[in-house]
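Report on one structure; see the data block that follows.
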Number of protein chains: 2
Amino acid sequence: MSNAPSPLQNRLLAVLPEIEFERLKPQLEAVDMPLGHVLYESGRTLSHVYFPTTSIVSLLYVMENGASAEIAVVGNEGVVGIALFMGGESTPSRAVVQSAGQGFRLRGQAIKEVFSRSGPVMHLMLRYTQALITQMAQTAVCNRHHSLDQQLCRWLLLSLDRLQGNELVMTQELIANMLGVRREGVTEGALKLQAAGLIRYARGHITVLDRVGLEARTCECYAVVRKEYGRLLPDRIAT
Amino acid sequence: MSNAPSPLQNRLLAVLPEIEFERLKPQLEAVDMPLGHVLYESGRTLSHVYFPTTSIVSLLYVMENGASAEIAVVGNEGVVGIALFMGGESTPSRAVVQSAGQGFRLRGQAIKEVFSRSGPVMHLMLRYTQALITQMAQTAVCNRHHSLDQQLCRWLLLSLDRLQGNELVMTQELIANMLGVRREGVTEGALKLQAAGLIRYARGHITVLDRVGLEARTCECYAVVRKEYGRLLPDRIAT
DNA sequence: GCTGCTGTGTGCGGGAGCGTACAGACTCAA
DNA sequence: TTGAGTCTGTACGCTCCCGCACACAGCAGC
């Protein structure tokens, strides 16, 4: 029974080589993590990374209308605030204590120094990875909350951003696989878009006629992802 | 117009400092990426990372019953195979060419060398990050395909794994927020679990009576996540 | 031409979960 | 003890999407 909380209750810290742990230890600050406490807010620059010991933290995405969805959950097996060392400094999600308890925190600067000895290739890879993470998280949110029609628009836009030109070669069947929905659902969605003059569809060839129109029909998820790609990847590497 | 494909068409490669790019360049191999081509299979060790130039790649999770869901999409803004440099070597997802085109690939060893100069703290952080990514990806899949009841079980198990003891303090309202569903839906799900003798519920206190029973009721997502945490994090850092 | 295959359109019953509304049950403080 | 507040249970109509079935249209090859 460890009554005095120890950083070693966090299993990431516990498996570090002793030398490394001893180096970090003086900088670890014990913190109380009461239920509902917000460790960081969406879009805010993080000041610390948190290593939960007896608490659980939820990573939540809060939508514009206030509805939310959990992206992931972090307990004593992990660390909250990976954006700090991935190089993004912030994320579009919020971290909330889901189960009260203790933890330790480390100033952002300290963890960043560990990563600072590495070269530009690694930094770029990590920043990209964070952008990818955002896309995954937003996919989860979108799957939960948005209509097939909105998701279809999002998907078309994400694909379009990665192509030159405005035509994509893709059957409705394949799109359905990607979105995890029925083929018939894609048919109906595509028909609506076609009727609205936004796309033209013909046996595996989609031509986007009105990109702005698609953006107007999709959900916020697309914009969130696009913005993060723009923010994280330099020199006009946008989504 | 660049008729001869250039690695610089990939925007990650394009923003690298010239010195770094020149170092990688001789090792970049141009590859054709035909529609439907599987770059890597779920669970298989990756041999290369791929930098798409004119192609688009889908990261898909394929469920046991064959249904699938796209986790994310990667085009010339990114790289396929982040598990290689994150240290995981493999992922539970499959990478499929969604739009035919070209790309460049790099032997895994080459990208790993870039990361090998870093210390154990960073490696651990990255491996953890990959585990977290898996959790997010699986959340997306689960949101798409599984019932509220299954998701409730998954959520309870993930929380339980991060707690000592078998009681969690959590109102149905909060769980609903996490899962992104109605509170009433959680009520109904919890009642079923209680009727089956798996949990006991009382005003914000849940006691898990039959963990194995919960595991039997949840979907594959829980096991996938748990297994990846076990695999990626050493020394019995499980989910 | 005909035949087959692939891709798209359509219709219908059913179920899961939503929005809404409200009722009971427990807890705490005045 | 009484009332207010919080948490949980129940009910009902509705919508979106699913599963299934089938028709049709374009495009290949012979």
Side-chain angles (χ1 to χ4, degrees), chain A residues 35-36 63 65-70 98 140-156 167-196 199-207 217-219, chain B residues 35-36 63 65-70 98-100 141-156 167-196 198-207 217-219:
Chain A
L35 181 65
M63 299 201 304
N65 69 7
S68 58
E70 188 176 78
Q98 175 201 319
V141 171
C142 206
N143 283 351
R144 161 61 63 222
H145 288 289
H146 299 135
S147 70
L148 197 162
D149 286 7
Q150 288 176 308
Q151 292 182 47
L152 178 57
C153 291
R154 172 178 64 85
W155 190 91
L156 287 172
E167 183 183 330
L168 36 167
V169 179
M170 177 68 42
T171 66
Q172 297 182 349
E173 177 82 43
L174 284 178
I175 297 181
N177 285 163
M178 299 295 160
L179 294 179
V181 300
R182 278 188 322 156
R183 196 266 312 159
E184 294 89 329
V186 175
T187 299
E188 290 181 22
L191 284 176
K192 287 183 209 167
L193 296 181
Q194 197 160 20
I199 65 170
R200 204 171 45 226
Y201 213 125
R203 286 185 77 73
H205 291 255
I206 312 171
T207 309
R217 287 197 173 217
T218 195
C219 46
Chain B
L35 180 64
M63 300 202 303
N65 67 8
S68 58
E70 187 177 79
Q98 176 201 326
S99 180
V141 171
C142 206
N143 283 352
R144 160 62 62 221
H145 288 288
H146 299 134
S147 71
L148 197 162
D149 287 7
Q150 289 176 308
Q151 293 182 47
L152 178 58
C153 291
R154 172 178 64 86
W155 190 90
L156 288 172
E167 185 183 328
L168 35 167
V169 179
M170 178 67 43
T171 67
Q172 299 182 347
E173 177 83 43
L174 285 178
I175 296 180
N177 284 163
M178 299 295 159
L179 294 180
V181 300
R182 280 187 322 158
R183 197 266 311 158
E184 292 87 334
V186 175
T187 299
E188 291 182 22
L191 284 177
K192 287 183 209 167
L193 296 181
Q194 198 160 21
L198 305 183
I199 66 170
R200 204 169 45 226
Y201 214 125
R203 287 184 77 73
H205 291 255
I206 311 172
T207 310
R217 286 196 174 219
T218 194
C219 45

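In what follows, every heavy atom counts, from backbone to side chain, and hydrogens, waters and symmetry copies are set aside. Quantities reported herein were computed from a predicted structural model and do not represent experimental measurements. So that the names make sense, note that chain A is the first sequence line, chain B the second, and so on, each numbered from 1.
Proximity of A:Gln194 to A:Arg200: side-chain heavy atoms (C-beta onward) are separated by under 4.5 Å at one or more points. Using a 4.5 Å heavy-atom threshold, the side chains of B:Leu198 and B:Leu156 count as separate. Between B:Val181 and B:Leu152, the closest side-chain pair of non-hydrogen atoms is not below 4.5 Å. B:His146 places none of its side-chain heavy atoms less than 4.5 Å from the side chain of B:Thr218.
Nucleic acid contact class of B:Gly185 (heavy atoms, under 4.0 Å, all strands): none.
A straight line from CD of A:Gln194 to P of C:dT10 spans 11 Å, rounded to a whole angstrom. Here C:dG17 presents its C1' atom at 11 Å from NZ of B:Lys192, a figure rounded to the nearest Å. In this structure, CG of B:Leu179 is placed 13 Å from C1' of C:dG17, rounded to the nearest angstrom. As rounded to whole Å, 11 Å separates atom P of C:dG9 from atom CD1 of A:Ile175.
Applying the side chain to side chain contact (heavy atoms under 4.5 Å, CB included) rule to B:Glu188 yields no partners; only residues at least two apart in sequence or on another chain are considered. For B:Arg183, the side chain to side chain donor-acceptor pair (under 3.5 Å) partners two or more places apart in sequence, or in a different chain, are B:Thr187.
Rounded to 10 degrees, the angle between the two end axes of the helix from C:dG1-D:dC30 to C:dA30-D:dT1 is 20°, with five pairs used at each end.
Heavy-atom minimum distance, A:Gln151 versus A:Leu179: O-CD2, 4.1 Å. Closest approach of A:Leu193 to A:Cys153, counting heavy atoms only: CD2-SG, 3.9 Å. Between A:Thr171 and A:Tyr201 the shortest heavy-atom distance is C-OH, 3.5 Å. The two residues A:Ala190 and A:Gln172 come nearest to each other via the heavy atoms CB-NE2, 3.9 Å.
Positionally, the nearest nucleotide of DNA chain D for A:Asp149 lies more toward the 5' end than for the other of A:Asp149 and A:Arg183. Residue whose closest nucleotide on DNA chain C sits further toward the 5' end, between B:Leu148 and A:Thr171: A:Thr171.
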Please tabulate the protein-to-nucleotide N/O contacts below 3.5 Å involving nucleotides 11-15 of chain C, giving atom names and distances.
none

Report each atom pair, protein N/O against N/O of nucleotides 25-30 of chain C, whose distance is under 3.5 angstrom.
from: C:dC26; atom 1: O2; to: B:Arg203; atom 2: NH2; distance (Å): 3.2

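With hydrogens and angles ignored, the 3.5 Å screen pairs no side-chain donor or acceptor of A:Asn143 with any backbone N or O of B:Asn143.
A 4.0 Å heavy-atom criterion places the boundary nucleotides of DNA chain D facing chain A at D:dC17 to D:dG26, written 5' to 3'.
Atoms CD and CD, on B:Glu173 and B:Glu184 in that order, are 8.5 Å from each other to the nearest 0.5 Å.
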